[in-house]
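Inspection log for the structure reproduced underneath, given as structure tokens.
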Amino acid sequence: MSKPRPAPDLPSALSPLIDAHTHLDACGATDAASVTAILDRAESVGVGRVVTVADDLDAARFAVNAAQWDSRVYAAVAIHPTRANVLDDATKAEIERLARDRRTVAVGETGLDYYWPGKLDGCADVEQQVEGFRWHIDLAKRLRKPLMIHNRDADHDVLAVLLDEGAPDTVIFHCFSSGPEMAEACVDAGYVLSFSGTVSFKNSHELREAAKLVPDHQFLLETDAPFLTPHPFRGAPNEPYCLPYTAVSLAETREQEPEEVAALATENAERVYGLARQPQSAAGS
């Protein structure tokens with residue numbers, strides 16, 4: 001077996017940045033001190049705030065706790081589509097309680113994942129995923145919070161369920177990885193597309209074409225850490241401090257300056273998540 005790749009070097013600072021979707025618990029955070037350490041590393045290169053996202057009930061509890069431990073952290077809570085088969089009444093009640101917390105800025109990640117059924121033991125089937133997705137859509141609308149979408153190999157059905165249920169006012173497609181046709185459909189619907197390290201991958205030609213089509217007010221930047229580490233560090237552990245690498249890659253794709261992409265993504269994240277606007281300052285100050 002190949003040895004694990006070392007963590008990427010700190011990138012050049014790019015400020016301001018908000019990591020619109022990360023998983024601090026999966027990055028190794030377990031308590032207030034470890035959350036602070038991750039955020040300090042991120043802030044040293046301009047990533048001043050993050051949204052840590054849940055995919056199960058334990059992660060949802062952690063996300064809300066982390067957002068209370070450190071003012072630079074916000075939470076998003078939901079049950080991942082592959083785990084939608086655990087959504088009994090008690091789980092729904094707990095997710096709703098956590099989603100109502102003032103530090104929770106989105107309901108997510110939810111949606112549809114057609115890659116894992118049949119490959120992953122215990123994975124929710126399509127019917128269970130659709131039922132869970134509908135419940136999360138309703139929750140986001142009732143709480144008037146953004147809906148954060150996980151979409152893997154399910155472009156048509158994700159859009160169809162959103163149309164059938166009636167989408168919340170704000171819909172975020174986390175780690176958007178589809179092509180130009182899906183991007184156009186999402187843009188036309190007013191949805192927000194969040195780009196991760198996948199936009200830097202050498203084989204992501206269709207994704208880069210899609211990224212060029214998104215208006216300045218409809219994109220976010222995310223790490224999805226510890227996953228999807230940007231090129232040339234693919235396969236190494238990801239963390240919020242790596243976000244400037246993705247910002248630079250997206251800027252090259254969109255033929256914009258990295259500073260412009262960072263400023264636009266930050267302004268969009270503040271608007272989408274209802275965060276207080278912060279004055280631009282030098283990284284690490």
Side-chain angles (χ1 to χ4, degrees), residues 17-43 47-84 86-88 90-111 113 132-133 135-137 139-140 142-150 168 170-175 192 194 196 220-228 237-243 269-270 272-276:
L17 279 172
I18 295 173
D19 188 347
H21 183 117
T22 192
H23 301 271
L24 294 181
D25 54 339
C27 290
T30 57
D31 55 18
S34 50
V35 168
T36 295
I38 291 173
L39 267 293
D40 285 350
R41 269 192 297 278
E43 192 168 27
V47 186
R49 288 171 286 178
V50 309
V51 178
T52 191
V53 182
D55 52 14
D56 64 20
L57 195 52
D58 286 341
R61 295 182 182 121
F62 172 85
V64 172
N65 285 336
Q68 293 166 346
W69 293 333
D70 194 307
S71 63
R72 297 168 293 182
V73 179
Y74 299 88
V77 302
I79 300 298
H80 193 278
T82 58
R83 299 182 173 96
V86 308
L87 269 171
D88 56 19
T91 302
K92 289 178 179 178
E94 181 71 355
I95 289 293
E96 179 163 345
R97 182 187 71 81
L98 294 165
R100 289 181 180 277
D101 191 278
R102 64 181 184 84
R103 299 291 298 174
T104 299
V105 296
V107 173
E109 56 186 284
T110 181
D113 188 314
F133 188 22
W135 180 80
H136 283 99
I137 292 171
L139 178 63
R142 286 191 287 110
L143 300 186
R144 298 181 180 178
K145 294 191 177 185
L147 181 75
M148 184 184 288
I149 301 289
H150 170 101
T170 303
V171 173
I172 304 159
F173 272 76
H174 128 73
C175 188
V192 177
S194 185
S196 72
L220 301 173
L221 288 166
E222 66 169 86
T223 59
D224 197 24
F227 316 106
L228 306 179
N238 199 5
E239 235 187 63
Y241 78 80
C242 296
L243 190 60
E270 288 173 339
V272 166
Y273 291 127
L275 310 183

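The structure presented is a predicted model; accordingly, all values stated were derived computationally and were not measured.
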Note, His80 side chain near Asp113 side chain (heavy atom, < 4.5 Å):
yes
Report the distance from atom CG of Leu39 to atom OG of Ser71, rounding to the nearest 0.5 Å.
8.5 Å
Verdict with supporting geometry, Asp19 and Thr223, side-chain hydrogen bond (donor to acceptor under 3.5 Å, both in side chains):
CA-CA 6 Å; Asp19 188 347; Thr223 59; 2.6 Å; yes
Nearest heavy-atom neighbours spanning Ala29 and Ser34
CA-OG, 3.5 Å
Nearest-0.5 Å distance that lies between atom CG in Asp101 and atom CZ in Arg97:
8.0 Å
Residue pair Leu24 / Pro240, side-chain heavy-atom distance below 4.5 Å:
yes
Where Ala140 and Pro168 come nearest, the two heavy atoms and their spacing
CB-CG, 3.9 Å
How far apart are the closest heavy atoms of Tyr241 and Arg41, and which atoms are they?
CB-O, 3.7 Å
Would you please test Glu94 and Thr91 for side-chain contact (heavy atoms from CB on, under 4.5 Å) and show each step?
CA-CA 5 Å; Glu94 181 71 355; Thr91 302; 5.8 Å; no
Using every non-hydrogen atom in the two residues, find where Ala99 and Val107 come nearest and quote the distance to one decimal.
CB-CG2, 4.4 Å
About how many Å separate CG of Leu98 and CZ of Phe62, when rounded to the nearest 0.5 Å?
13.0 Å
Just by distance, do the side chain of Thr170 and the backbone of Val272 share a donor-acceptor pair under 3.5 Å?
no
Checking side-chain contact (heavy atoms from CB on, under 4.5 Å) for the pair His174/Val53: CA distance, chi angles, key distance, verdict?
CA-CA 11 Å; His174 128 73; Val53 182; over 6 Å; no
Check: Ile18 and Tyr74 side chains under 4.5 Å, non-hydrogen atoms:
no
Rounded at 0.5 Å granularity, tell me how far OG1 in Thr110 sits from NE2 in His150.
9.5 Å
So if I apply the side-chain contact (heavy atoms from CB on, under 4.5 Å) rule between Val50 and each of Val35, Leu17, Thr22, which one comes out positive?
Thr22
Do Glu96 and Arg100 pass the salt bridge (Lys or Arg N to Asp or Glu O under 4.0 Å) test, and can you show the C-alpha distance, the side-chain angles, and the key distance before you say yes or no?
CA-CA 6 Å; Glu96 179 163 345; Arg100 289 181 180 277; 2.8 Å; yes
Drop me the distance from Ile38's CD1 to Cys27's SG, to the nearest 0.5 angstrom.
5.0 Å
Is the ring pair Phe227/His23 parallel, tilted or perpendicular, if the boundaries are 30 and 60 degrees?
perpendicular
Pairwise distance NE2(His21) to CD1(Ile172) - rounded to 0.5 angstrom:
10.0 Å
So Asp224 and Asn238, do their side chains get closer than 4.5 Å, heavy atoms only?
no
Taking all atoms of both residues into account, what is the closest heavy-atom pair of Arg49 and Ala276, and its distance?
NH1-O, 2.8 Å
Which atom pair, heavy atoms only, marks the closest approach of Ala76 to Thr104?
CA-CG2, 4.3 Å
For the pair Arg72 and Asp70, evaluate salt bridge (Lys or Arg N to Asp or Glu O under 4.0 Å) and give the outcome as yes or no after the intermediate values.
CA-CA 5 Å; Arg72 297 168 293 182; Asp70 194 307; 2.8 Å; yes
For Val73, is there any backbone N or O sitting under 3.5 Å from a side-chain donor or acceptor partner on Arg103?
yes
Would Ile79 and His136 count as a side-chain contact (heavy atoms from CB on, under 4.5 Å) if you check the C-alpha gap in whole Å, the side-chain angles of each, and the deciding distance to 0.1 Å?
CA-CA 9 Å; Ile79 300 298; His136 283 99; 4.1 Å; yes
Assess the residue pair Thr82 and Asp55 against the criterion (side-chain contact (heavy atoms from CB on, under 4.5 Å)); give the C-alpha distance rounded to whole Å, side-chain angles, the decisive distance to 0.1 Å, and a yes or no.
CA-CA 9 Å; Thr82 58; Asp55 52 14; over 6 Å; no
